[in-house]
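Here the structure is laid out as structure tokens; the discussion comes afterwards.
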Amino acid sequence: MAFFLCSLFIFLSSATACDSCLHQSKAAYFNKPSALSSGACGYGSLALGLSGGHLAAAVSSLYKDGAGCGACFQIRCKNSTVCSCKGTRVTITDINHNNATDFVLSSRAFMAMASHGMGQHILNLGTVDVEYRRIPCEYKNQNLAVRVEESSEKPNYLAIKLLYQGGQTEIVAIDVAQAGSSSWRFMERKYGAVWDTSRVPSGALQFRFVVTSGFDGKWIWAKNVLPADWKIGVVYDSGVRITDIAKEGCFGCDDDNWGRKQDVKSPSNLCADTH
Ligand SMILES: *[C@@H]1O[C@H](CO)[C@@H](O)[C@H](O)[C@H]1NC(C)=O
Ligand SMILES: *[C@@H]1O[C@H](CO)[C@@H](O)[C@H](O)[C@H]1NC(C)=O
């Protein structure tokens with residue numbers, strides 16, 4: 001128990017605060033639609049099922065060595081001639097190594113920042129000033145899912161990918177055990193959203209996840225996720241849903257009113273609270 005508390009404390013103190021504050025940066029877009037589905041998070045073609053193809057590569061401070069994979073952001077561009085004040089909601093699927101812009105978006109997400117009829121204009125600009133903040137991911141009908149990766153090899157090696165991680169959370173640790181057993185073995189983040197272990201328990205498998213959101217963290221248990229005859233390429237429902245929203249002690253950012261700044265000049269741009 002003491003060890004558990006101690007390790008949880010370390011996880012929590014490394015969680016970055018104030019993700020949901022408004023940040024100023026720039027965003028560009030990928031010309032090739034395939035660029036993001038081959039992204040560093042390892043979602044592959046499953047990426048296209050996240051956020052309706054509104055995907056983003058994020059700089060390393062947001063990618064967080066893969067802990068940022070699957071995080072959701074609301075981004076809007078600031079050129080009031082071409083941009084709506086609602087912006088777009090994206091999911092992180094890749095790392096952006098060029099830190100001149102915090103994000104490189106799929107063209108679909110980039111165009112979604114434009115106001116009606118301005119899609120081509122925003123593409124012509126190429127790079128735009130944006131403001132963004134982290135928002136909870138919403139998967140209304142989907143639990144957290146575990147996909148068994150192709151590199152897995154019975155009986156000794158298991159690699160899994162996490163999908164549909166809701167809320168405003170990070171998964172910072174995963175343990176695996178045979179269903180019904182308390183003999184837990186830790187997994188390691190291999191890259192992006194992929195975790196692995198070369199000490200695979202036999203039989204059906206359960207998992208427990210350490211999920212942090214802001215300063216809060218907790219274990220989430222998922223029982224009987226993989227059947228004893230788990231198969232490569234199959235996506236298994238964890239039976240649990242993650243919806244936690246970060247409670248952050250951010251001073252001086254809570255009064256950032258998304259969507260209000262342009263209103264004086266152009267009342268038609270008035271956005272309802274889109275949070
Ligand atoms: C805003 O968009 C218009 C129309 O495309 C463009 O002419 C103008 O240069 C843009 N402004 C900035 C600051 O990028
Ligand atoms: C990008 O990051 C590198 C390495 O951290 C740094 O040396 C460089 O100055 C950064 N460039 C910009 C434009 O911030």
Side-chain angles (χ1 to χ4, degrees), residues 16 18-41 47-48 50-64 68-138 168 250-275:
T16 27
C18 299
D19 276 348
S20 53
C21 290
L22 204 54
H23 299 275
Q24 311 290 325
S25 182
K26 291 175 187 292
Y29 71 96
F30 283 107
N31 288 314
K32 277 197 253 159
S34 61
L36 284 159
S37 54
S38 58
C41 292
L48 298 172
L50 305 171
S51 296
H54 289 205
L55 309 175
V59 280
S60 58
S61 57
L62 302 174
Y63 182 77
K64 299 178 185 174
C69 287
C72 297
F73 286 83
Q74 187 168 18
I75 307 174
R76 69 170 177 195
C77 63
K78 294 167 72 176
N79 184 330
S80 55
T81 313
V82 293
C83 301
S84 79
C85 68
K86 273 192 146 167
T88 182
R89 289 159 176 253
V90 300
T91 302
I92 302 304
T93 58
D94 197 2
I95 187 169
N96 169 26
H97 290 290
N98 173 2
N99 52 4
T101 70
D102 278 10
F103 293 101
V104 182
L105 306 183
S106 60
S107 54
R108 191 183 295 183
F110 197 77
M111 288 174 78
M113 295 192 296
S115 43
H116 186 69
M118 287 292 176
Q120 194 54 47
H121 288 83
I122 196 171
L123 290 181
N124 291 345
L125 290 174
T127 300
V128 292
D129 291 322
V130 297
E131 42 191 16
Y132 68 87
R133 67 181 176 191
R134 187 154 179 205
I135 56 169
C137 300
E138 286 170 16
Q168 191 183 327
C250 308
F251 298 104
C253 89
D254 294 341
D255 53 353
D256 277 317
N257 253 330
W258 186 270
R260 300 281 160 74
K261 284 177 188 153
Q262 301 173 325
D263 297 347
V264 181
K265 271 190 284 177
S266 128
S268 62
N269 261 352
L270 199 138
C271 286
D273 187 1
T274 50
H275 191 71

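When a ligand or atom number is given, it counts from 1 through the structure's own listing order.
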Nearest 0.5 Å, what's the NZ-CD distance between Lys86 and Gln74?
9.0 Å
Cys83 side, atom SG; Ile75 side, atom CD1 - distance, nearest 0.5 Å:
12.0 Å
Tightest non-hydrogen contact, residues Ser25 and Thr101, listed as OG-C, 4.1 Å
Is atom 9 (O) of ligand 1 in close reach of the protein, with a heavy atom under 4.0 Å away?
no
Among all the protein's non-hydrogen atoms, which is closest to atom 3 (C) of ligand 1, and how far away is it?
Asn79 ND2, 3.6 Å
Checking a contact table here: which protein heavy atom is nearest atom 4 (C) of ligand 1, and how many Å away?
Val82 CG1, 3.9 Å
Within the 4.5 Å heavy-atom criterion, are Ile135 and Cys72 side-chain neighbours or not?
yes
